[in-house]
Amino acid sequence: MPKVKIHPLILVGLFINSIAMIFYAYESYSNQEIGHGVIFTLLFTFLFGLVIWGSIRNKQIDHKK
């Protein structure tokens, strides 16, 4: 089964969402809502990790072709 590249607009959307999550985390920490801040920080980490993984995967697929 051939590997398919992840569309760059999906990666951009994930990146924008991860930035929004870090802003929500900052706001939650500022309001002393530690639980919400931790959840938003974890979401940021997950989404940003997906962006990095997708970028690396796309480069590897381009390199093999």
Side-chain angles (χ1 to χ4, degrees):
M1 182 174 197
K3 289 188 176 180
V4 179
K5 286 177 56 174
I6 299 171
H7 199 279
L9 287 178
I10 291 175
L11 295 176
V12 169
L14 282 172
F15 180 73
I16 291 170
N17 283 327
S18 67
I19 297 300
M21 289 301 131
I22 205 66
F23 283 131
Y24 285 136
Y26 177 75
E27 185 178 329
S28 295
Y29 285 126
S30 296
N31 292 334
Q32 302 298 321
E33 296 173 343
I34 304 301
H36 289 149
V38 168
I39 296 224
F40 286 131
T41 303
L42 290 173
L43 283 171
F44 163 76
T45 305
F46 177 69
L47 292 176
F48 196 68
L50 283 176
V51 171
I52 292 172
W53 175 78
S55 299
I56 292 171
R57 183 175 187 269
N58 283 351
K59 286 181 184 178
Q60 287 177 348
I61 290 172
D62 281 341
H63 188 265
K64 289 182 182 180
K65 288 184 180 181

Might you confirm whether atom OH of Tyr24 has over 12 heavy atoms from other residues, nucleotides or ligands at distances under 6.0 Å?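 No - once you tally the heavy atoms of other residues, nucleotides and ligands closer than 6.0 Å, there are 12 at most.
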In this structure, would [X] and [Y] fall into the same cluster of hydrophobic residues linked by side-chain contacts under 4.5 Å?
| X | Y | answer |
| --- | --- | --- |
| Ile16 | Phe48 | no |
| Ile56 | Leu50 | yes |
| Met21 | Tyr29 | no |

Closest non-hydrogen atom pair between Gly54 and Ile6, with its separation: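 Smallest interatomic distance, heavy atoms only, reads CA-CD1, 3.9 Å.
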Throw together a table of side-chain donor-acceptor distances under 3.5 angstrom for residues 30-39, partners on residues two or more places apart or in other chains.
from, atom 1, to, atom 2, distance (Å)
Ser30, OG, Tyr26, O, 2.9
Asn31, ND2, Glu27, O, 3.3
Glu33, OE1, His36, ND1, 3.4

To the nearest 0.5 Å, what is the distance between [atom1] on [X] and [atom2] on [Y]?
| X | Y | atom1 | atom2 | answer |
| --- | --- | --- | --- | --- |
| Asn17 | Phe44 | CG | CZ | 12.0 Å |
| Phe23 | Ser18 | CZ | OG | 10.5 Å |
| Phe15 | Ile52 | CZ | CD1 | 9.5 Å |

Would you say Asn58's side chain and Lys5's backbone share a donor-acceptor pair under 3.5 angstrom?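 No; zero donor-acceptor contacts below 3.5 Å.
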Check residues 7-14 and write down every donor-acceptor pair under 3.5 Å in which the side-chain atom is one partner and the other belongs to a residue at least two apart or another chain.
from, atom 1, to, atom 2, distance (Å)
His7, ND1, Leu9, N, 3.1

